[in-house]
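Everything on this sheet refers to the single structure shown next.
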Amino acid sequence: MNNKLSSAFLRITFAIMVLFTGCKQDAIIGDRVTETGKVFFAQADSSGTRGINGVSNWAQDTVAKTVTIGATIYRGGFTELAPFTVKIQADNAAVDKLISAGKLPANTVKLAAADYTLDELSTIEYKDGVMKGSVQPKIKISSLSANQGKYIALGLSIASAEKFGINEARSRIVVYANVDSLMDAIIPPKNQVVNDAWQVLRIANNDNVTVTPAANGSFVFAGGSGGHIGIYQAVEVQAGKKYSFTFNVKGAGATDTWFEVYIGYGAPVTGVDYNEGGVRMGLNTWTGCGKVAFDDLLSKVGCVGSGPIFTAPATGKAYLVIRTGGTNLGTGGITASKFVFIRQ
């Protein structure tokens, strides 16, 4: 009698264990569904209009020059814990849905096969209490650089799963990124000024003010008598980003002299005053700075201009322009050095 009761008790206990372990809901992240034993993308939903923003979910390979934006794959249920493989394929059909839903802009570029590499097989295994794996498309940084000012997107879908079915409602996902924001994240800000890239801007029709290259990338502006001259070079900027332009100025004190900085998108033209964007920083003896000896950052010793921070209104090529002139730039002239133009 006791043996029969024990056997019955064990059968009931086993049935209860199967019931609760076999009916684990398919969804671990996102919408909850009742299906079990099927594979699906964790971040996907039945609308087909969800994606993974790569700006907050990326890894860089500096040797291969790629950026990986990963997507997690789950399998619902715990009745089978042995590892198995899932086949993934590129599938850009969902990208159009995201654009139509207003979740991606119209200028989104669908990545072509040449823009990335994709390991199509993903191993699903028991980790952290769930059956999961991942797909890791590796996007070439050169493809990002070619699409600045745009979004890039790559659609992925689960093509097949060894031994298990697929939750078709959650079998597609899109990884995407604002290219400019992603490039900002993966490429540290650096000084864009190239010492050898400065060009002379001749404005006056005389040589009363001269500019001469000096040691360590510095320049000496000297002379006076109504002369006017400048230097300039191009830099790359992205719309909405802030940049700082700083450099040191040194002089013994000038008379009736201006020394000004501009940043604009129009290319400087010989014989023409450059004034796009207004004065950013400057010395101006009439306003009260530059008359006595100085040796510090122009942003500190100057007394005119909007300041060293430039917020780019558009993406593209901009020009750093420094121009000066006047009656007398002082003994030894004005030396400008240690130029730094860098994204904030």
Lys163 atom NZ, over 12 foreign heavy atoms within 6.0 Å
yes

Straight-line distance of Lys127 NZ to Lys132 NZ, nearest 0.5 Å:
7.0 Å

So do the side chains of Lys317 and Glu236 get within less than 4.5 Å of each other, counting heavy atoms only?
yes

Hydrophobic cluster partners of Val272 (side-chain heavy atoms under 4.5 Å):
Val269

Short side-chain donor-acceptor distance under 3.5 Å, Ser160 and Lys87:
no

With a 4.5 Å limit on heavy-atom distance, are the side chains of Asp256 and Asn328 in contact?
no

Minimum-distance pair of heavy atoms, taken over all atoms of Val237 and Tyr243
CA-OH, 3.3 Å

Sort and list the pairs that fulfil ring pair (Phe, Tyr, Trp, His ring centres under 6.0 Å) and have at least one residue in residues 98-124, not counting sequence neighbours.
none

Sequence neighbours excluded, every pair satisfying ring pair (Phe, Tyr, Trp, His ring centres under 6.0 Å) that has a member inside residues 128-179
Phe84-Phe164

Decide yes or no for Asp119 and Lys138: does some side-chain heavy atom of the first lie under 4.5 Å from some side-chain heavy atom of the second?
no

Walk me through whether Leu298 and Leu283 qualify under side chain to side chain contact (heavy atoms under 4.5 Å, CB included).
CA-CA 8 Å; Leu298 178 58; Leu283 301 170; 3.8 Å; yes

Minimal heavy-atom distance between Gln136 and Gly70, with the atoms involved, is OE1-CA, 3.7 Å

Side chain to side chain contact (heavy atoms under 4.5 Å, CB included) partners for Thr331, two or more places apart
Ala252

Do the side chains of Lys241 and Gln344 get nearer than 4.5 Å, heavy atoms only?
no

Taking all non-hydrogen atoms of both residues into account, name the closest pair between Ile99 and Ala106 and its distance.
CG2-CA, 4.3 Å

Do the non-hydrogen side-chain atoms of Phe247 and Phe341 ever get within less than 4.5 Å of each other?
no

Please enumerate all residues that pass salt bridge (Lys or Arg N to Asp or Glu O under 4.0 Å) together with Lys190, with sequence neighbours excluded.
none

Shared-cluster residues of Leu121, by chain and number - hydrophobic side chains joined below 4.5 Å:
none

Give me the other members of the hydrophobic cluster that Ile342 sits in, counting Ile, Leu, Val, Met, Phe, Trp and Tyr linked by side-chain heavy atoms under 4.5 Å, directly or via other members.
Val340

Rounded to the nearest 0.5 Å, what separation is found between the OG atom of Ser299 and the CE atom of Met281?
6.0 Å

Is a side-chain donor-acceptor pair under 3.5 Å present for His228 with Asn206?
no

In terms of the angle between their ring planes, are Phe339 and Trp198 parallel, tilted or perpendicular, with boundaries placed at 30° and 60°?
tilted

Without swapping roles, check the side chain of Ser145 against the backbone of Ile141 for a donor-acceptor pair under 3.5 Å.
yes

Between Glu276 and Gly266, is there a donor-acceptor pair closer than 3.5 Å when you use the side chain of the first and the backbone of the second?
yes

Check for a donor-acceptor pair, side chain of Thr257 on one end and backbone N or O of Ala254 on the other, with a separation under 3.5 Å.
no

Which ILVMFWY residues can you reach from Tyr274 by hopping between side chains whose heavy atoms are under 4.5 Å apart?
Leu201, Ile203, Tyr232, Tyr262, Val279, Val304, Tyr319, Val321

Do Gln238 and Asp184 come within less than 4.5 Å of each other through their side chains, counting heavy atoms only?
yes

Just verifying a value: how many Å separate Ile69 CD1 and Ile52 CD1, rounded to the nearest 0.5 Å?
8.5 Å

Look at Lys110 together with Asp96 and state whether they make a salt bridge at an N to O cut-off of under 4.0 Å.
yes

What's the verdict on side chain to side chain contact (heavy atoms under 4.5 Å, CB included) for Asp296 and Val249, showing C-alpha distance, side-chain angles and the deciding distance?
CA-CA 6 Å; Asp296 207 335; Val249 287; over 6 Å; no

When you measure from the side chain of Arg75 to the backbone of Glu80, do you find a donor-acceptor pair of N or O atoms at a distance under 3.5 Å?
yes

Closer than 3.5 angstrom, by distance alone: can the side chain of Thr324 be matched with the main-chain N or O of Trp258 as a donor-acceptor pair?
yes

Treating Ser181 as the side-chain partner and Asn178 as the backbone partner, does any N or O pair qualify as donor plus acceptor under 3.5 Å?
no

Donor-acceptor under 3.5 Å (Ser100 side chain, Lys97 main chain)
no

Going by heavy atoms in the side chains, are Gln233 and Gln192 under 4.5 Å from each other?
no

With sequence neighbours excluded, tell me which residues meet ring-ring contact (aromatic ring centres under 6.0 Å, His included) with Trp58.
none

Kindly compute the distance separating CE (Met183) from CG (Asn147), expressed to the nearest 0.5 Å.
10.0 Å

Is it true that a side-chain atom of Asp180 and a backbone atom of Gly149 form a donor plus acceptor pair closer than 3.5 Å?
yes

Atom CG of Asn107: over 12 foreign heavy atoms under 6.0 Å
yes

Which heavy-atom pair separates Leu98 from Gly51 by the least distance, and what is that distance?
CD2-N, 4.3 Å

Give me the atom names and distance for the closest heavy-atom approach of Gly76 to Phe40.
N-CE2, 3.9 Å

Report the C-alpha separation of Ile139 and Thr66 in whole Å, then their side-chain angles, then the decisive distance to 0.1 Å, and conclude whether the side chain to side chain contact (heavy atoms under 4.5 Å, CB included) test is met.
CA-CA 5 Å; Ile139 302 168; Thr66 59; over 6 Å; no

Going by salt bridge (Lys or Arg N to Asp or Glu O under 4.0 Å), name the residues that satisfy it together with Asp61, two or more places apart in sequence or in a different chain.
none

Quick one: CG on Leu182 to CD on Gln148, what's the gap to the nearest 0.5 Å?
11.0 Å

Under 3.5 Å, is there a donor on one side chain and an acceptor on the other for Glu125 and Thr123?
no

Any side-chain heavy-atom pair of Ile124 and Thr85 under 4.5 Å
no

Donor-acceptor pair, distance only, cut-off 3.5 Å: does the side chain of Arg170 make one with the backbone of Ala44?
yes

Between Asn208 and Gly226, is there a donor-acceptor pair closer than 3.5 Å when you use the side chain of the first and the backbone of the second?
no

To the nearest 0.5 Å, atom CG of Leu156 lies from atom OG of Ser122 at 11.0 Å

Are Ile186 and Leu144 close enough, and set up right, to give a side chain to side chain contact (heavy atoms under 4.5 Å, CB included), and what steps lead you there?
CA-CA 11 Å; Ile186 66 177; Leu144 296 178; 4.1 Å; yes

Considering all heavy atoms, the nearest Ala94-Val174 contact
CB-CG2, 3.6 Å

Those residues that, when tested against Phe310, pass ring-ring contact (aromatic ring centres under 6.0 Å, His included) (two or more places apart):
none

Partners meeting salt bridge (Lys or Arg N to Asp or Glu O under 4.0 Å) with Lys250 (sequence neighbours left out):
none

